[in-house]
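For reference, the structure is listed below as structure tokens.
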Amino acid sequence: MAVSRRTGRSRFTLLLLILTSITLLTLDFRGFEPLDRARSAVLAVFEPVGSFASDTFEPVRNAWNGAFAYDELAKENEELRQRVDELEGQITSGEVAKQSLRQLLEQADIPFVGDLPTARARVISGAVSNFDRTIEIDRGENAGVRRGMPVVTGQGLIGRGVRVSGDRAVVDLLSGGNFSVGFSVVGTNVLGVARGRGDGTRLSATVDVDRVVLPGQILVTSGVAGSTFPQGIPIGTVAEVGDGKGSLQRELAVDMLARQSDLSFVTVVLWEPTQP
């Protein structure tokens, strides 16, 4: 009998819970205001707990993500770095190619050479900076190059051949100071001698003290009898003029016209002085 009463009470309780749930769902769908207020109150009570939990576990979550995503991020960074290096290399190669093309075009038509035969050559070593004294080129005796022949660029004289083999030649640069060159001042009858200082692109020159020379005037090879260079090859411009007091010679500082560093191509003038 007692068991029957407990079973009936349990069924009644279950039925009551079901009806209550249905009623609450119905009120919720209809927007029952007291129920909304009660739900808001419950959420307000538990909101600090949720925020605290979120703040507490955020470092753990970040550490977790960092630990497992680090390798992937490192790989992506390395790939991006490699791509940047590749792009920088392409830019550098493009600039070098443009510079080489410009220098090659300069060698194609050099007006001061006139009708003299020439041999264009590629620089294969040396002349990385203005302080190099020699360069090596890929033309030699097989191309008609001989020791002592002038070597120029589109701007002017840079040196002369000193050691020549079948398909190679070493060029002594004018700025190195190992040899001198006779010059004339354009537009005048002033003659002199210039020599490199071994310290860059500036030359030291001398003229007779009674000769008038002004800054900015251009010097070219004189080509006088017995000269080792033909006439008219540009050398440089006068930068400074000494007073020459107490001396028979006036000293000049001359800036070379031809750049001697980072050379890609040069031209050998196939000219030898006439033997007396």
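Predicted, not measured: the structure shown is a model, and the values here were computed from it.
- Within the 4.5 Å cutoff, side-chain heavy atoms of Asp138 are placed close to those of Arg168.
- Applying the salt bridge (charged side-chain N to carboxylate O under 4.0 Å, His left out) rule to pairs touching residues 226-251 yields Arg202-Glu240, sequence neighbours excluded.
- Remark: Leu248 CG is loosely packed, at most 12 non-hydrogen atoms of other residues, nucleotides or ligands lying under 6.0 Å away.
- Smallest separation of non-hydrogen atoms from Ile233 and Pro230: CD1-CG, 3.7 Å.
- Note on Ile158: it clusters hydrophobically with Leu270, by side-chain heavy-atom contacts below 4.5 Å among ILVMFWY residues.
- Partner Phe229 forms a side-chain contact (heavy atoms from CB on, under 4.5 Å) with one of Pro273, Ser222, Pro150 and no other, that one being Pro150.
- Residues Leu191 and Ser184 have side chains in contact (heavy-atom distance under 4.5 Å, counting atoms from C-beta outward).
- Judged as a side-chain contact (heavy atoms from CB on, under 4.5 Å), and not counting sequence neighbours, the contacts of Ala169 are Ile137, Val145, Val164.
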Kindly determine whether Asn178 and Arg133 satisfy side-chain contact (heavy atoms from CB on, under 4.5 Å), including the steps that lead there. CA-CA 8 Å; Asn178 291 330; Arg133 292 176 179 257; 3.8 Å; yes

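- In summary, the side chains of Gln249 and Ser247 do not present any donor paired with an acceptor at a separation below 3.5 Å, with no hydrogens or angles considered.
- Both Phe112 and Val185 belong to a common hydrophobic cluster when Ile, Leu, Val, Met, Phe, Trp and Tyr are linked at side-chain heavy-atom distances under 4.5 angstrom.
- Checked against Met256 for a side-chain contact (heavy atoms from CB on, under 4.5 Å), the options Leu219, Leu203, Leu173 give a single hit: Leu203.
- Between the side chain of Thr221 and the backbone N or O of Gly232 there is at least one donor-acceptor pair closer than 3.5 Å.
- Two different hydrophobic clusters hold Leu257 and Phe265 under the rule that ILVMFWY side chains link at heavy-atom gaps under 4.5 Å.
- Looking at Ser175, its side chain never comes within 3.5 Å of a backbone N or O of Thr201 through a donor-acceptor pair.
- Under the 4.5 Å side-chain heavy-atom criterion for Ile, Leu, Val, Met, Phe, Trp and Tyr, Val209 and Val213 are members of distinct hydrophobic clusters.
- Looking at Thr267 and Val113, their side chains never come closer than 4.5 Å, going by heavy atoms from C-beta outward.
- Linking ILVMFWY side-chain heavy atoms closer than 4.5 Å, directly or via other members, places Val181 and Val220 in two distinct hydrophobic clusters.
- In terms of the side-chain contact (heavy atoms from CB on, under 4.5 Å) criterion, residue partners of Glu272 (sequence neighbours excluded) are, by chain and number, Arg146, Met149.
- For the pair Gln260/Thr153, no side-chain contact is recorded, criterion being any heavy-atom separation below 4.5 Å from C-beta on.
- Note: Leu214 CG to Leu252 CG = 10.5 Å, rounded to the nearest 0.5 Å.
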Chi angles and distances behind the side-chain contact (heavy atoms from CB on, under 4.5 Å) call for Val190, Gln217: CA-CA 11 Å; Val190 177; Gln217 289 186 301; over 6 Å; no

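- Shortest non-hydrogen contact noted between Ala258 and Gly156 is CB-O, 3.7 Å.
- Shown here is Arg197, whose CZ atom has more than 12 heavy atoms of other residues, nucleotides or ligands within 6.0 Å.
- Considering Ile235, Val254, Leu157 in turn, Ile235 is the only one that fulfils the side-chain contact (heavy atoms from CB on, under 4.5 Å) rule with Phe183.
- Listed for the Arg195 side chain is a donor-acceptor partner under 3.5 Å among the backbone atoms of Gly177.
- No donor-acceptor pair under 3.5 Å is formed between the side chain of Arg147 and the backbone N or O of Arg163.
- Under a 3.5 Å cut-off, the side chain of Asp255 and the backbone N or O of Thr237 do not form any donor-acceptor pair.
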